[in-house]
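Naming: A, B, ... by sequence-line order, numbering from 1 per chain.
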Amino acid sequence: MSTEELSKAYDPAEVESKWYKIWEERGYFHADVNSSKKPYTIVIPPPNVTGQLTMGHILNNTLQDILIRFEKLNGRETCWLPGTDHAGIATQTKVEKELKKNEGLTRYDLGREKFLERVWAWKEQYGGKIIKQLRSLGTSCDWQRERFTMDEGLSAAVQECFIRLYNKGLIYKGHRIINWCPKGRTALSDEEVIYKEEKGHLWHFRYPYADGSGYVVIATTRPETLMGDTAVAVNPADERYAGKVGKKLILPIVNREIELIADDYVEKDFGTGAVKITPAHDPNDYEVGLRHNLEVINIMNDDGTMNAEAGKEFEGMDRYVCREAVVKKIEELGLLDHIEDYTHQVGYSERNDVPVEPRLSDQWFVKMKPLAEPALKAVDDGRIKFYPERWVKTYRHWMENIRDWCISRQLWWGHRIPAYTCDQCGEIVVAKGMPEKCPKCGCTHLTQEEDVLDTWFSSWLWPFSTFGWPENTADLKAFYPTQTLVTGPDIIFFWVARMIMAGIEFMGDIPFKDVYFTSIIRDEKGRKMSKSLGNSPDPLDVISTYGADALRFTVIYIAPVGQDIRYSNEKCEIGRNFANKIWNVVRFRLMQGPVTSAKPTLDNLGTLRPDDQWILASLNQAIKGVTDGLANFRFNEVSKILYEFIWSKFCDWYLESCKPVFNGGDAAQKQTVLRLFDYCVATFLKLLHPIMPFVTDELYHQMGFATADDSIMKTEWPSAISEDVLNSYGATQAAEDDAEAKFELIRAIRAVRANYGIATSKALDMVVSPANDEMHEFLKRDEASFKALVNAGELKFVPGYQPEGPSGVAVSTAATAYIPLAGIVDLDAEKKRLEKQEAELAKYVGVVEKKLSNEKFVSKAPADVVAQERAKLAEAQEKLARVREQMKAY
RNA sequence: GGGCGCUUAGCUCAGUUGGUUAGAGCAUUUGGUUUACACCCAAAAUGUCGCUGGUUCGAGUCCGGUAGCGCCCACCA
């Protein structure tokens, strides 16, 4: 127990660094694989190695930590596995940018091997920086199990996965049009293309018929692909072109003959109804080309410049420079019909932010349909639950329309594809390591695939590769499947869906049971936080200013389920003030003497005062509400229950009611109240611990509930108080109602005081006339706290009291209170106050009377609702009568 | 083109299966050195719950329509 008095204000900095170190050193975060306890596992969404801690990470990891700490107190063997993602294209792009900036070099200048050395050096320097930063947030990660997606074990898992899918026929190599990033010079998956609305043009060009009989006008958004055209297509049902199909056209500029063909793909009503067909540069055109056996002419290099096929005139030009050049040329040729403004969606590469180019190339694909079916079923039949549930719809839509996943990347940073091509016969061998010889021709010269895999091809294995898969490890058996995944809805396709597929495919079981999708944190203007906008605060600064507990509490408090949140640093005052409030509860308590017991219980407390009964009942509701809320991911609700209970109930009312007992009550009563007080503090510290771990452990120790070598982390989650115990102490609904009625009276008396500007510190004599005998009894049961809460001088209870002189009058359900205010009472002001109260009550009585006089309401509404209304009416009528009685005096 | 979300006090937002006189924090006004806390206490003021129909004894809450804002998905060049 501390003998030092606590400082007036809570200072989190020292407390937080002290406790984190202690928790970690004592191994509190480490999960025992041999534990007999039921496991509870979360795998962290691995941040990119290039990343910095953002507000998004704060929210996401606070939520995970709350769950882990909650389940730990509930007796589960918790395992929170941390780690990082190599983030293929993101990291490579970043290192390339640095290289360009600092040394003016490209990756090609260095070569693959040297470049990779640089990336690894980068990873060593910055990788896992977020992970280290997370400690300041208090995350109880099992650091001994930290993983990286390019660890040896995880790399082996990637190979195993690739080989199995290949052998099953679910991975294949194909010649297709894919999304190509000309800046990164790599293929992308569909998900890595971000569509942006762009104001462009629809150019109308004239393509002359070869026989000189006029021309066809085509509309295009991409003039630069003209040189790759191998046909013009119209809808077969389009009368405008009836009889023209099959005729030859002269492709302008290149003067090549192409055919006018008919294909259902063409919409009659769009543009001119005639489309230029460029099989090498548009996925639809490619399909049309296949159907009509068209020539495929690739006119671009992999960096988005034009190649020799585009013609001498354009060769080497950037695609956008070329666009202008082609338009100019067409105009010169007199073939520019007209130009229309046109707004359309243009796909950009996620990481390099340049328009993607459809490109025909050889890539590796995963056949997704067979994997998607069982994964969709797992969510549809409720084995996996989404919170909020509406994301199921998004998930289903994607799963039902799933397309094959392009997994090969022409990058250097990542897992190299375990495929080998025979130099002699071209046979492809997929294997772990270089085969000694080609199984087909026996040739001993094979070359490994240059490409690496999409970064998500390793992350989709994360829930089990991290525990040792494909080895059947003890960890894997103990901790898979995991329980909860906490992540952002923005990676539902990239990651969540694919993990479900991989889990079912390779483990034969779902990877997690619940998926909680977090809010997106925006700035106070509602903009997404981003580096370029500079509107993202550095969480480490926030933590040093307000404290990690304050930040944690605040983000939970302002983040409702499934709604984006607007964040600003000032909001952390909510959490900071709350931490300070709790600190001061303990400070106050320790001023009253040592704690009653290191393990407070409710055994044989003695006789409780009404306020004790009330707080006990309230505490029980808080326990139930918080427990239920955390079990159902209603974090925001939990934070509000705790805030309300501790601040509004415990501090504002209960603690104040205890002061007269602590200062002058008899010894036995003081002991009873102290014991209950201690029980409440011990309980709410535990309830709050998952959200605010630091201050709660510190105060748990300050209170003397834990010895120096112990921790609140090692305690048990509070269970609801049994009905028997509550009843034995009179902590019933009736007691609560009585207490609330008393509080209403106290507020009314305070309002009179405030109305006259009388300082709270000035004691006032008063006479209370109870509304009935029960209230009379009730109010007299604990005069001391009542007196203290209204700061009464002489206090008398006189039923049916008639005031002798000018008084302030407070009418409440419980009683009418008279405060003699000779000399200061303002009769007009009193009258006004009463008139206002009368009007409000009369209005209310009218509403309820009307409701009750409605026969349909009385006959159809549930009996208890009707009874409730009747009781409310009677109460209001009685109060109204008293107010009117008082008004007679004026 | 399809899907989803939001619209409640000056601001930021709560409001689980429909049922007290719709709440909180901040801001505002008034008063306060009661030895836990000014990161505080007490009191006050502020709302046609976007609009519009409907279901119901009863709608902020459920259903239809509609407006504005935002997000996601989609191969009309």
Taking only the C1' atom of each, what is the distance from B:rA42 to B:rU66 in whole angstrom? 47 Å
May I ask which nucleotide in the shown strands pairs with B:rA42, Watson-Crick or G-U wobble, both distances under 3.5 Å? B:rU30
With a 3.5 Å limit on both atom pairs, tell me what B:rG47 is paired to, counting Watson-Crick and G-U wobble, or say none. none
A:Ile218 CD1 to B:rA77 P, straight-line distance once rounded to whole Å: 13 Å
When rounded to whole Å, the CZ to C1' distance for the pair A:Phe662 and B:rU35 reads 15 Å
Rounded to the nearest angstrom, tell me the gap between atom CG in A:Leu655 and atom C1' in B:rU35. 13 Å
Tell me whether the side-chain N/O atoms of A:Arg587 come closer than 4.0 Å to OP1 or OP2 in B:rC37. yes
Using centres under 5.5 Å plus planes under 30 degrees as the test, is A:Phe857 stacked with B:rC57? no
Using OP1 and OP2 only, check whether a side-chain N or O of A:Lys659 sits under 4.0 Å from B:rA36. yes
Between A:Asn577 and B:rC40, is there a contact of a side-chain N or O with OP1 or OP2 at under 4.0 Å? yes
Return the value, rounded to whole Å, for the distance between atom CZ of A:Arg390 and atom C1' of B:rG70. 12 Å
Is there a donor and acceptor pair, one atom on the side chain of A:Glu656 and one on the base of B:rA36, closer than 3.5 Å? yes
When both hydrogen-bonding distances must be under 3.5 Å and the geometry is Watson-Crick or G-U wobble, what is B:rC62 paired with, if anything? B:rG54
Taking the side chain as everything from C-beta on, heavy atoms only, tell me whether A:Ile646 gets closer than 4.5 Å to A:Ile582. yes
OP1 or OP2 of B:rC13 under 4.0 Å from side-chain N/O of A:Arg566: yes
Counting neighbours of CD on A:Gln345 that are heavy atoms of other residues, nucleotides or ligands and sit closer than 6.0 Å, is the number greater than 12? yes
Are more than 12 heavy atoms, taken from residues, nucleotides or ligands other than A:Lys268, located less than 6.0 Å from that residue's NZ atom? yes
Verify the neighbour count for atom NZ of A:Lys624: are there more than 12 heavy atoms of other residues, nucleotides or ligands below 6.0 Å? no
Considering heavy-atom distances to RNA chain B, does A:Val847 or A:Val585 have its closest nucleotide positioned more toward the 5' end? A:Val847
Take the protein atom CZ of A:Phe493 and the nucleotide atom C1' of B:rA74, then report the distance between them rounded to whole Å. 12 Å
From A:Tyr516, A:Phe517, A:Trp391, residue fulfilling ring-ring contact (aromatic ring centres under 6.0 Å, His included) relative to A:Phe386: A:Phe517
Between C1' on B:rU21 and CD on A:Glu875, what's the gap in Å once rounded to a whole number? 12 Å
Any side-chain N or O of A:Tyr342 less than 4.0 Å from the OP1 or OP2 oxygen of B:rA77? yes
Tell which nucleotide pairs with B:rG1, taking only Watson-Crick or G-U wobble pairs whose two distances are both under 3.5 angstrom. B:rC73
Pair partner, B:rU7 [Watson-Crick or wobble, under 3.5 Å]: B:rA67
Spacing of A:Leu841 atom CG relative to B:rU20 atom C1', expressed in whole Å: 14 Å
Measure from the side chain of A:Ala861, starting at C-beta and using heavy atoms only, and say which of B:rG19, B:rA36, B:rA74 lies closest. B:rG19
Residue among A:Tyr643, A:Tyr567, A:Phe635 satisfying ring-ring contact (aromatic ring centres under 6.0 Å, His included) with A:Tyr557: A:Tyr643
Can you see if the side chain of A:Lys393 gets near the phosphate of B:rC4 - specifically, an N or O under 4.0 Å from OP1 or OP2? yes
With a 4.0 Å limit, can you tell me whether A:Lys872 has a side-chain N or O closer than that to the phosphate oxygens OP1/OP2 of B:rU21? yes
Take the protein atom CG of A:Leu290 and the nucleotide atom C1' of B:rC75, then report the distance between them rounded to whole Å. 15 Å
Quick one: closest heavy-atom pair of A:Trp583 and A:Glu698, and the distance? CZ3-CG, 4.0 Å
Please check the phosphate of B:rA45 (OP1 and OP2 only) for any side-chain N or O of A:Lys836 closer than 4.0 Å. yes
Report yes if a donor N or O on one partner sits less than 3.5 Å from an acceptor N or O on the other, where the partners are the side chain of A:Lys581 and the base of B:rC37; otherwise report no. yes
Any side-chain N or O of A:Trp647 less than 4.0 Å from the OP1 or OP2 oxygen of B:rC41? yes
Across all strands shown, which nucleotide pairs with B:rU12 by Watson-Crick or G-U wobble geometry, both distances under 3.5 Å? B:rA24
